[in-house]
Structure formats: structure tokens, C-alpha cells
Protein chains: 2
Amino acid sequence: MVTIADVARHAGVSPSTVSYVLNGSHQISETTRGRVLRSVAELGFHPNAGARTLAGRRSRIIALVMPLRTDMYVPVMMEIAISVTTEARRHGYDVLLVTDEEGPEGVRRVAASGLADGVILMDVELGDPRIPALRARGTQAVLIGLPDDPHQLSCVDHDFTAAGALCADHLADLGHRDVGFIGYGSGVYKRHAGYAERTLAGFRERAEQRRVRFLHRPCEGTYESTAWTLTRILADRPGTTGFVVQNEAAIGPLLGLLKAAGRSVPEDTSVVALCPEQLAEQHTPALTTVSGPGQELGRVAVGQMIRRLTAAQRGEPPTDERVLLQPTLTVRQSTNGQPSPPKEPS
Amino acid sequence: MVTIADVARHAGVSPSTVSYVLNGSHQISETTRGRVLRSVAELGFHPNAGARTLAGRRSRIIALVMPLRTDMYVPVMMEIAISVTTEARRHGYDVLLVTDEEGPEGVRRVAASGLADGVILMDVELGDPRIPALRARGTQAVLIGLPDDPHQLSCVDHDFTAAGALCADHLADLGHRDVGFIGYGSGVYKRHAGYAERTLAGFRERAEQRRVRFLHRPCEGTYESTAWTLTRILADRPGTTGFVVQNEAAIGPLLGLLKAAGRSVPEDTSVVALCPEQLAEQHTPALTTVSGPGQELGRVAVGQMIRRLTAAQRGEPPTDERVLLQPTLTVRQSTNGQPSPPKEPS
DNA sequence: TGGCAGCGTCGATGCGCTTCGACAAACTCA
DNA sequence: TGAGTTTGTCGAAGCGCATCGACGCTGCCA
């Protein structure tokens with residue numbers, strides 16, 4: 001193992017000088033600096049992580065806490081995890097993956113042991129039990145999702161309210177007067193998953209403004225539940241010509257069912273999906289979607305964390321930011337401006 | 001911050017005794033042990049990770065290296081990442097997430113700095129450049145996937161050859177004589193992704209044994225490419241009554257196209273998908289699949305790593321294991337025993 | 001009753017690095 | 001030209017823990 005002392009000897013300087021060069025924490029002449037860096041490269045020196053952590057009282061590690069639940073669309077979590085990791089590296093940090101299996105205790109352990117300098121929490125919900133654990137310890141935290149009380153915490157999330165509103169606007173613009181909103185399974189609403197509720201609320205408010213009638217129905221996403229949901233919506237509102245699908249899993253079944261019911265998309269019926277762009281092209285017809293920037297979420301979260309950590313290091317008070325990322329409507333082939341009147345009389 | 005000295009004082013023992021209790025590395029009387037543990041709990045002591053790493057020369061961290069590429073089915077990677085993380089915790093290890101963005105240098109950095117005790121590499125390919133980097137340093141490594149030369153390395157992977165064979169057997173058993181094999185995009189084969197090649201090889205061999213004729217065609221997974229692939233297969237072999245789909249993204253399009261072509265599944269045409277069980281139920285009809293145990297992969301990889309680390313600590317030579325996990329055929333509604341003869345004459 | 005094993009506990013040392021204060025050298029200005 | 005300032009480098013003191021060797025104590029056998 002190559003140590004800082006080896007580098008120092010090789011470069012003809014003292015260990016502290018090598019440390020200063022590597023950390024940029026002190027003025028060093030260009031010549032010495034060059035000599036040290038050359039020695040570092042020549043010997044293939046990698047500072048020992050444990051020693052750095054111990055002496056410097058910071059681990060340069062950010063913990064990323066993932067939900068175990070999988071009713072969220074998994075690729076989205078993956079996208080966030082990867083963007084968090086690459087962005088963290090750009091700032092010299094590594095990422096520790098923590099699952100929620102340990103619950104709040106896991107977060108406590110990672111923070112209290114100094115394993116991580118800060119914690120990024122994914123899929124934060126109202127009443128999240130991990131948040132008090134973090135607050136109590138004064139741990140640096142960034143939340144992906146919105147908690148009850150964002151006081152003293154940085155948060156970032158998609159603007160789901162705006163996403164819901166975009167759906168309503170688009171269908172209203174196209175002339176739809178009756179819309180079915182196919183939601184997540186009822187369990188998701190029961191746990192008050194913020195993203196589900198906010199999307200629905202945003203949609204509801206805008207739909208009312210635009211005088212669009214709608215029916216919201218939960219849906220588990222299986223073929224059977226989608227069939228049942230669709231049947232109920234069409235029975236209650238035969239004049240429905242537009243659909244908003246919140247549960248990605250229901251998209252495929254819905255398209256099949258509409259076709260089977262003799263409704264063609266987009267001629268008779270428009271479908272707007274709330275899902276990542278990536279999914280949109282996999283369906284036929286390609287889906288008009290409202291989606292948020294997945295990669296951006298991770299980048300912003302890391303940015304907030306870095307700002308918090310540097311502020312804390314300087315003894316400054318933490319900056320509790322609160323960022324909502326704007327969703328985009330991408331019109332593809334599943335929505336249409338001239339909905340035919342439904343065949344059955346209402 | 002609570003240190004081991006605080007605990008020692010509180011319990012009326014020396015710091016070394018506390019250390020022995022916490023690490024179980026020395027005989028301690030039951031009474032002392034109880035007293036120490038009570039103090040630990042009462043003070044909420046969490047051993048400092050940096051100090052432990054430095055003094056103990058091990059970080060209790062395993063690095064998990066993820067591919068950035070996304071032509072693999074993403075939820076599968078996620079499943080592995082989560083199972084690796086939870087299994088590692090069961091052994092007292094944490095998991096550091098490393099992306100391949102840094103390339104072999106990232107792996108080198110993490111290992112050389114002592115940040116991680118070992119490295120689990122996902123999505124290993126033939127000629128993987130990260131492997132020489134690990135070998136050179138003598139870093140403990142477990143590969144998910146199979147390298148050219150598994151000498152001195154532990155590997156685990158799905159038995160893709162067996163998976164291919166299972167597909168061939170099932171379709172042969174059902175009486176299909178002409179089968180289309182819808183593969184991944186040609187880029188996947190060009191990089192010699194082992195999983196793609198081995199599945200195909202396993203299928204080919206068994207198909208020949210069972211006297212099933214087949215056409216393998218690469219497919220990017222978009223609607224257009226699937227349509228083109230299907231068209232070509234049916235043009236070349238109009239008598240095709242069975243399909244094996246390797247590229248998950250092509251499943252949805254394929255089912256739609258078959259229906260559009262007037263072929264009903266499973267009455268006229270059987271479809272076997274090589275994909276996670278989870279996807280199978282999302283399609284209509286529910287897919288007959290051949291799939292491997294995703295969670296198991298992560299668990300086995302961690303198990304191998306733990307064995308390597310404990311062996312290395314005792315100065316024993318590493319056990320280079322090589323495990324192939326057996327896939328399962330699950331018959332659902334997309335395969336049928338009585339393929340109707342195709343309508344067009346061959 | 002003396003001698004000798006363990007068994008259980010303690011001090012001391014060092015892991016490799018960061019960082020503080022000291023200090024020599026080169027410079028500034030009166 | 002001497003006092004004060006700045007610049008660049010060095011030594012040494014920890015950071016909090018694991019671990020080795022030392023050592024006292026209890027209990028056993030002769």
C-alpha cells in the first residue's frame with residue numbers, strides 16, 4: 001500500500017505538503033505542486049479513505065435511501081439513483097445505497113457513525129418516519145418528495161400538480177368534455193403518497209376551471225382491474241372521450257381494451273399518459289405524455305446536498321431550498337382534436 | 001459525538017473491553033458484556049466508521065458497479081441492486097454504488113483507497129476492461145455475468161443456455177416445427193453480450209436436437225423494428241407458428257402485430273418470452289415465460305463475496321466459485337399445444 | 001498450601017491522514 | 001537597513017478505534 005509518507009519521500013517534501021496539494025487547502029508553489037502531483041501519479045497513490053474520513057471528519061459519502069416498495073415505476077428510481085451517483089462523483093462524493101428495510105434506524109446508523117456526510121431520501125411521504133430521525137440528529141438531508149413540514153430541509157420533486165393541470169388543459173384544448181382518470185391502486189392513495197394526490201388535485205382543479213367533467217377511479221394496473229375500471233367509467237359516463245392514465249401499468253391493458261371495445265385511439269378516444277418518455281414510444285399508438293425530467297431530479301438533489309455540506313462546513317446555516325421541476329407535455333399519437341361522439345347514447 | 005471512551009467510562013471498563021464486546025473478537029464475561037451493551041444502548045453509541053476502517057483495515061463496504069447502458073431491462077438491475085444491498089446488510093456490510101462512468105479507474109479508486117473491501121461487477125462482458133484492473137490489484141471481486149477467463153474470480157449468472165433450451169423444448173413439446181426467434185438489437189450481439197449469445201446458443205442447440213427449424217432475427221424493440229422483423233420472418237418462413245422473444249421491449253409490439261395480422265395467440269401462434277415474471281402478467285394474453293431468479297443473483301453474489309472476504313482475512317486462498325442459476329418455464333396463456341396450420345400455403 | 005493454568009481485563013501503540021501553529025525565507029516600506 | 005509582512009514548508013498532535021502483549025485473578029491439582 002502506498003501512503004502519503006511514501007509520496008512525500010518520493011517528492012522530497014513533507015507529508016503535510018502532499019496533503020495540502022491534494023486537498024487544495026493551502027497555498028503551495030507551482031513547482032512543489034507539480035513535483036508532488038508527479039510523484040502521486042508515478043506511485044499510483046490513492047489516499048486511504050478511512051484515514052481521510054477520520055482525520056478530516058467527513059467521509060465524502062452521501063447516503064441514498066431507496067424505498068423497497070415497488071408500486072412506483074422502477075426505472076424512474078433507477079434513473080434517479082444513477083443520476084445521483086454520477087452527479088455526486090462530479091463533486092468528489094461517492095454514494096452509499098441504503099434500503100428502507102432497516103427503517104429509520106438505518107438512516108440513524110449511517111449518519112451517526114459518520115459513514116455518510118448527508119442523506120438523500122427518495123420517495124418521501126407525508127408523515128415519513130425517517131424525517132424526525134434526521135431532524136433530531138441535525139443530519140444534512142435532502143428529500144426527493146415533499147414532507148409535511150419542509151422547515152430546515154431541502155426538498156426537490158416533480159411538480160405533480162402542474163402535471164395534472166397539463167393533462168386537463170390538453171384534453172380541454174382538444175374539446176373533450178368527459179374524461180376518465182385512471183389512477184393508482186387504492187393502497188397508494190391510502191398511504192397518502194404525495195405524488196398521486198397532488199397529480200389528481202392539479203388535474204381536478206384545472207378540469208373544473210376548464211369545465212371538463214371527469215371520473216377518477218383507482219386501478220391496480222393488472223388487466224382485470226383495468227377492464228373493471230374502464231367498464232365502470234364507461235357505464236357511469238358513456239360520453240367519455242378522453243382518458244388520463246396515472247398508473248403506467250394500466251396503459252397497455254387500457255389500449256387493448258379500448259381497441260376491443262371498438263374505440264380507436266386517437267380517432268374516437270384520446271389517451272394522455274403520466275409516464276416517462278421512454279415508455280411512450282413502446283406503445284401503439286405512441287402516447288401523448290406528461291412527464292417530468294427524471295435525471296434532473298437526481299442532479300438537483302445532489303446540488304442541494306453539496307450546498308448544504310459546504311455551508312455546514314463553514315458554520316453557515318443550512319439553506320432550505322424547495323424546488324419543483326416542471327413537467328412537459330409531449331403530444332404524440334394518442335390524442336386527437338376531434339373526438340367523435342360516442343356511439344351509444346348517453 | 002459519543003465515543004468508545006464515553007461508553008467505557010459509563011460502563012466502568014476500559015475502551016478495549018468495549019471494543020471486544022462490540023466485535024466479539026475476545027472472550028468477555030457475561031456480566032461485563034451486559035453492562036457494556038446497556039451503556040451502548042443508553043448512550044446511543046455508533047462506532048465511528050472512519051476510525052473502524054482505519055484501525056481494522058477493512059471498511060465493511062462492498063462496491064456495486066452498475067452499467068450505464070440501458071439496453072438491459074432496467075428493473076432487473078434494480079432488483080439485483082436491492083437484493084445485494086439487503087443481503088449485504090444481513091452480513092454487516094454496506095453497499096457503495098459505483099457507475100461505470102469512470103470506467104476501470106473508478107473500480108481502481110474504490111479498491112485502492114480502501115473505500116470498499118470488495119467489488120461486485122454487474123453486467124460483465126467478454127473482454128471486460130474492468131477485470132484486468134481488479135486482477136492486477138488482487139482486489140476481491142465477484143462478477144455477475146461470465147468473463148472470458150473466470151480463473152481466480154467468483155462469478156454468478158443466470159444459466160442463459162438452459163433458458164434458451166427451455167424455450168426450444170417447450171415449443172417442440174407443443175408441436176411447433178417452425179419458430180421465429182426475435183432477438184436484441186444487433187448492437188447487443190456486436191458487443192458480444194454473453195447473455196444474448198448464450199441464450200441463442202442454448203436455443204439453437206436444443207432446437208436442432210428437437211428438429212425445430214428456426215430463424216433468428218435481431219430486433220431493436222421499437223414498434224417499427226418489430227414490425228419489420230416479423231414481416232421478414234413470416235416472409236421467409238410463412239409456416240412459423242411459434243415465437244421466442246428475447247427483447248422484452250418487442251413483446252408488446254409483437255402481440256399487437258400478430259393480432260393485426262389476424263393471428264390469435266395462443267390459438268394460431270405461440271409466444272414464449274424471455275423476461276421477468278413481473279412483465280408476464282402485464283400483457284394480454286399473459287405470457288408464457290422463461291425467467292431466472294433475479295433476487296437470487298444478488299444474494300448469491302453477496303454470499304460469494306462474504307466467503308472471499310473472510311477467507312482473505314484468514315489468509316486462506318480465495319474460493320473461485322462459479323454458479324449458474326437455473327431458469328424456470330412458467331406456462332401461461334400465450335402458448336398452446338395445437339397450433340393451427342397457417343392460413344397461407346408454405 | 002504452593003504452583004500453574006487459563007480467563008478476563010487493561011494500557012499502550014499505531015492505522016494514514018488533516019490541520020494547527022511554528023518558522024525560515026523572501027519581500028515590503030519607511 | 002531594520003522592522004514588519006507575506007509566502008511556502010514543516011513537525012507534531014490528534015481523529016476514534018482495533019489489537020497485541022502484559023497482568024492480576026480465580027480455581028484446579030499435586
Side-chain angles (χ1 to χ4, degrees), chain A residues 1-37 39-40 43-61 92 109 111-115 117 309 313-315, chain B residues 1-37 39-40 43-61 92 109 111-115 117 309 313-315:
Chain A
M1 161 179 260
V2 186
T3 74
I4 202 173
D6 298 327
V7 177
R9 212 171 307 123
H10 186 272
V13 297
S14 77
S16 47
T17 305
V18 176
S19 175
Y20 290 137
V21 168
L22 291 176
N23 294 298
S25 47
H26 208 302
Q27 280 228 356
I28 297 286
S29 71
E30 253 331 297
T31 45
T32 318
R33 175 189 187 67
R35 207 142 36 92
V36 168
L37 289 179
S39 296
V40 165
L43 300 179
F45 171 64
H46 289 264
N48 180 280
R52 271 188 113 172
T53 301
L54 181 57
R57 294 132 171 289
R58 48 189 284 239
S59 63
R60 295 151 201 261
I61 288 180
R109 178 180 62 84
S113 67
L115 221 191
D117 294 334
L309 292 177
Q313 221 176 355
R314 296 200 204 119
Chain B
M1 159 177 264
V2 186
T3 74
I4 202 173
D6 298 328
V7 176
R9 212 171 308 121
H10 186 273
V13 297
S14 79
S16 46
T17 304
V18 176
S19 176
Y20 289 136
V21 169
L22 291 177
N23 294 299
S25 47
H26 209 301
Q27 282 230 358
I28 296 286
S29 70
E30 253 330 297
T31 45
T32 320
R33 175 189 186 65
R35 206 141 39 91
V36 168
L37 288 178
S39 296
V40 165
L43 300 179
F45 171 65
H46 289 265
N48 180 281
R52 274 188 112 177
T53 300
L54 181 56
R57 294 133 172 290
R58 48 190 283 241
S59 64
R60 296 150 200 261
I61 288 180
R109 178 179 62 82
S113 67
L115 220 191
D117 295 334
L309 291 177
Q313 220 175 355
R314 297 200 203 118

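Every chain is numbered from 1 and lettered A, B, ... according to where its sequence line falls, protein lines coming before strand lines. Since this is a predicted model, take the numbers as computed values, not measurements. All values below were derived from every heavy atom in this structure, side-chain atoms included, with hydrogens, water molecules and symmetry-related copies excluded.
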Just checking, is any N or O donor in the side chain of Ser14(A) or Thr17(A) under 3.5 Å from an acceptor N or O on the other one? yes
Where at least one partner belongs to residues 4-24 of chain A, residue pairs that pass ring-ring contact (aromatic ring centres under 6.0 Å, His included), sequence neighbours excluded: Tyr20(A)-His26(A)
Is any side-chain heavy atom of Val21(A) less than 4.5 Å from a side-chain heavy atom of Thr32(A)? no
State which of dA18(D), dT9(D), dC20(D) makes the closest approach to the side chain of Thr17(A). dT9(D)
Taken to the nearest 0.5 Å, the spacing of Arg60(B) CZ from Leu309(B) CG works out to 11.5 Å
Rounded distance [0.5 Å steps], CZ in Arg35(A) versus OG in Ser29(A): 7.5 Å
Give, for atom OG1 of Thr53(B) and atom CD1 of Ile61(B), the distance between the pair rounded to the nearest 0.5 Å. 6.5 Å
Without decimals, in angstroms, what is the distance between Glu30(A) CD and dT7(D) P? 15 Å
Roughly, in whole Å, what's the span from NE2 in His26(B) to C1' in dC20(D)? 9 Å
Nearest whole Å is fine: how far is dT18(C) C1' from Arg58(A) CZ? 11 Å
Taking only the side-chain nitrogens and oxygens of Gln27(B), find out if one of them lies under 4.0 Å from OP1 or OP2 of dG8(C). yes
What is the distance, rounded to the nearest whole Å, between atom CG of Leu115(B) and atom C1' of dC17(C)? 14 Å
Protein-nucleotide distance (Asn23(A), atom CG; dC20(C), atom P), rounded to Å: 12 Å
Measuring from the side chain of Arg52(A) (C-beta onward, heavy atoms only), which nucleotide among dG8(D), dC7(C), dC17(C) has the closest atom? dC17(C)
Any base atoms under 4.0 Å from Ser16(B), or only sugar-phosphate, or nothing? Heavy atoms, all strands. base
Look up atom CD in Gln313(A) and atom CG in Asp117(A), then write down how far apart they are to the nearest 0.5 Å. 8.5 Å
Starting the side chain at C-beta, find the nucleotide from dT19(D), dC15(D), dG8(C) nearest to Ala55(A). dC15(D)
Out of dC17(D), dC17(C), dC10(D), whichever nucleotide has its closest atom nearest the side chain of Ile4(B): dC17(D)
Less than 4.5 Å apart, any side-chain heavy atom of Thr3(B) and any of Asn48(B)? no
Choosing from dC17(C), dC15(C), dG16(D), which nucleotide comes nearest the side chain of Ala51(B)? dG16(D)
Could you provide the dot-bracket string of DNA chain D, using ( ) for intrastrand pairs, [ ] for crossing pairs and | for bases paired to another strand, with Watson-Crick or G-U pairs below 3.5 Å? ||||||||||||||||||||||||||||||
Examine dT18(C): is either OP1 or OP2 under 4.0 Å from a nitrogen or oxygen in the side chain of Ser25(A)? Give yes or no. no
Rounded to whole Å, CG of Asn48(A) lies from P of dA18(D) at a distance of 15 Å
Using a 4.0 Å heavy-atom cut-off, does Ser19(B) contact any base of the nucleic acid, only the sugar-phosphate backbone, or nothing at all? base
Can you tell me how far C1' of dC17(D) sits from OH of Tyr20(B), to the nearest Å? 12 Å
Over how many whole Å does the gap from Asp6(B) atom CG to dG16(D) atom C1' extend? 11 Å
What contact category does Leu54(B) fall into here, base, sugar-phosphate, or nothing, at under 4.0 angstrom with non-hydrogen atoms? base
Heavy-atom nearest nucleotide on DNA chain C taken for Gly56(A) and for Thr32(B); more 5' hit belongs to Thr32(B)
